[in-house]
Amino acid sequence: MKIRERLDKKTFSDEHIKYLNNQKRHFFKVKFFQIGIIILFFVLWEFFARFKLIDPFITSSPFRIWNMLISLNHSGELWMNIYYTTFETIVGFLLGTLMGVILAALIWFSDFVYKVIEPYLVVLNALPKVALGPIIIVWLGSGMSAIVVMTLLVSVIISVINILVGFKSVSEEKVLLMKSFGASKLQILLKLIIPANISVILSTLKINVGMSLIGVITGEFLVSSQGIGYLIVYGGQVFKLDLVMAGILILLVVASIMYLCVSNIEKLYLKRKR
Amino acid sequence: MDIKKDKKIILEIKNLSLNYHTLKSETAAIKNMNLDIYDKEFLSIVGPSGCGKSTFLSLVAGLISASGGKINLKNFSFSEIGYMFQRDCLFPWKRIKENALLGLEIKRILNKKSESAALDLLKKYDLKKFENYYPNQLSGGMRQKVALIRTLAINPRILLLDEPFSALDYQTRIDISEQIRNIIKNEKKTAVLVTHDISEAICLSDRVAIFSKRPSKIKKIFNIDFGGEAGTFHEKRRHAKFNEYFDKIWSELKNEDSRKTR
Ligand SMILES: Nc1ncnc2c1ncn2[C@@H]1O[C@H](COP(=O)(O)OP(=O)(O)O)[C@@H](O)[C@H]1O
Ligand SMILES: [Mg+2]
């Protein structure tokens, strides 16, 4: 932590050291409560379940979830399902963002296209994409492609809208500068608009981690016979709440790791840029 | 010295008009404007805000086409016109060196020779030590100098400068405007500068053109000549003629400018 490093230097006035110490205490207090709450939650959950204050058959319990995870690990289902969901999500947010950039670029290219397409973007963005699930099943069956398409439906429209806003907010003066050098529209796009929007594209990528997970889990709920979403739905159907809870827990961890990865890539970029 | 006698015309503007059209209205920004620009002169344009000064520069640069009239370039093309803006427009993801080469890159004339010419300019005007820096590591004044060198690198015949100092703080503005004038004179370029600042116009220019309210015409042109008695801006500002020019330009503008708000 930075504060500790600074305190080690000890070249500050007493007042400043006091301030730093206060900040340090505050920081630990926040961390303590953050971690404390989750531990307390699991302990109470286990306690209530053990002493039958709640019915572990419908609420499950941390211990039962743990056992479920171990047995899933033994049967190989754990990693296989994590693999499917992770793979679909990564394909989804990479492809979704890429398509977002390409479509935004095409729309940026022509003001005419932009004007024609704008209302469609707004309406499609408002449509809950789950509603399209049955169509996707009929058209694409129940494989991985159906799930990736579901994911793209969820992420692409919002990506296009976000990225287009970024493209359009590049300063008019810079565009004029490019024109004064005789730049073609393609040059303006490749040398100015896209480089100026790398941070927008990265933040879209970050948003799309969440969007893709929604798409993937929705897809797995609807069609799949694999993945964490499938585990959860299946657990519900056969009334194995341990499996449902285990699935949710895995999903939490997987989602956090992916989000952290992308957000660290973004931070690295911003730091390099200063 | 009478500029008109001594110098040859490099650009001729005849009966130039421009109307802007929007769904709500038609705006006549420039109407029947005539102006000759002389080789290697420094011409400043002052006028009420919104009168069409930026529009005028865009027309001269060939970025928009006129509603009427003609712009005659003498033996050069629109691609040899350099443009500088209020903001430096440096690309924050490019190093200073790469920024300076941008024009060459876009025009696809970046080669060893043009690159080393551009880098020589950086060196000549004390920016070499920053060539690997990013723009946000430089002060506003230096950034504007880099922007000038980016424009000079394409070896333009005419430089158009649209209020290039107005985003700088007062101290820097005086310093950088003088440096930039010296660079332009040194490189023997013709320059057309739009400014709000009358003192700046007097100190920088060989001629100051006053634009009228919209639709803009040229109301008056002053030849600025300190007769070789004042070189630096500091000397010019203390010269008796400075106040004389200032008052003349000021009263022309005051007559003109009933709705100046900015
Ligand atoms: N693209 C445009 N469409 C319509 N009107 C414009 C446009 N650009 C400028 N104008 C109008 O033309 C006039 C001149 O603008 P401009 O040349 O920018 O003035 P200046 O640079 O002298 O302040 C202003 O009244 C402005 O509102
Ligand atoms: Mg202007």
Side-chain angles (χ1 to χ4, degrees), chain A residues 97-98 101 104-105 108-112 114-116 118-119 162-163 165-206 264-274, chain B residues 54-55 57-65 77-95 98-110 114 133-138 144 146-148 150-156 158-164 166-167:
Chain A
T97 310
L98 185 70
V101 173
W108 173 87
F109 237 87
S110 153
D111 205 46
F112 176 73
Y114 174 69
K115 290 211 172 100
V116 172
E118 199 191 0
N162 273 344
I163 295 170
V165 169
F167 281 8
K168 292 206 168 253
S169 65
V170 171
S171 94
E172 201 50 49
E173 258 184 356
K174 281 186 179 148
V175 175
L176 212 57
L177 172 79
M178 292 292 277
K179 285 185 183 160
S180 82
F181 289 137
S184 66
K185 200 132 198 201
L186 186 65
Q187 278 181 315
I188 296 178
L189 179 75
L190 296 178
K191 308 253 175 200
L192 170 61
I193 303 292
I194 290 183
N197 279 285
I198 297 294
S199 61
V200 172
I201 292 169
L202 282 176
S203 86
T204 307
L205 198 65
K206 204 167 73 179
N264 276 330
I265 291 173
E266 188 188 25
K267 267 195 206 130
L268 221 65
Y269 170 79
L270 292 177
K271 205 156 121 194
R272 198 191 64 112
K273 218 181 90 179
R274 257 160 321 223
Chain B
S54 298
T55 305
L57 291 190
S58 296
L59 281 166
V60 173
L63 293 176
I64 53 177
S65 45
S77 72
F78 282 114
S79 70
E80 292 171 84
I81 294 180
Y83 213 134
M84 231 177 116
F85 303 90
Q86 183 171 346
R87 260 146 298 185
D88 52 65
C89 292
L90 298 179
F91 293 179
W93 59 90
K94 281 181 182 282
R95 293 172 193 279
E98 297 157 347
N99 266 297
L101 299 175
L102 180 74
L104 298 170
E105 183 190 338
I106 298 301
K107 286 174 174 291
R108 301 180 208 280
I109 48 173
L110 183 59
S114 63
Y133 283 38
Y134 285 95
N136 61 2
Q137 296 171 287
L138 265 61
Q144 206 50 289
V146 176
L148 175 70
R150 175 183 62 196
T151 312
L152 287 173
I154 62 167
N155 198 15
I158 296 193
L159 285 160
L160 308 175
L161 308 118
D162 198 348
E163 305 188 28
S166 53

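Note: B:F85 leads B:F78, B:F85, B:Y83 in heavy-atom pairs under 4.5 Å with chain A. No other option in B:S58, B:C89, B:A147, B:G82 has as many heavy-atom pairs under 4.5 Å with chain A as B:C89. Among A:E173, A:K174, A:M178, the residue making the largest number of heavy-atom pairs under 4.5 Å with chain B is A:E173. Interface summary for chain B: among A:G182, A:P195, A:A183, the most heavy-atom pairs under 4.5 angstrom belong to A:P195.
In this structure, no portion of A:I188 lies under 4.5 Å from any heavy atom of chain B. For B:I81, the part sitting under 4.5 Å from any heavy atom of chain A is the backbone (N, CA, C, O) and nothing else. Interface remark: A:L192 contributes backbone and side-chain atoms alike to the contact with chain B (heavy atom separation under 4.5 Å). Residue contact with chain A, scored on non-hydrogen atoms closer than 4.5 Å, involves the backbone of B:L90 exclusively.
Inter-residue side-chain proximity for B:E105 and A:F181 is flagged as unmet; no heavy-atom pair is nearer than 4.5 Å. Under the 4.5 Å side-chain criterion, counting only non-hydrogen atoms from C-beta, A:Q187 is in contact with B:R108.
Within a 6.0 Å radius of CZ in A:F109, other residues, nucleotides and ligands contribute more than 12 heavy atoms. Remark: A:K185 NZ is packed, more than 12 non-hydrogen atoms of other residues, nucleotides or ligands lying under 6.0 Å away.
Atom-to-atom distance recorded for A:K179:NZ and B:I106:CD1 is 13.5 Å, nearest 0.5 angstrom. Distance check: B:L63 CG to A:S180 OG gives 6.5 Å after rounding to the nearest 0.5 Å. Here CG of A:L177 is found 7.0 Å from OG1 of B:T151. Values are rounded to the nearest 0.5 Å.
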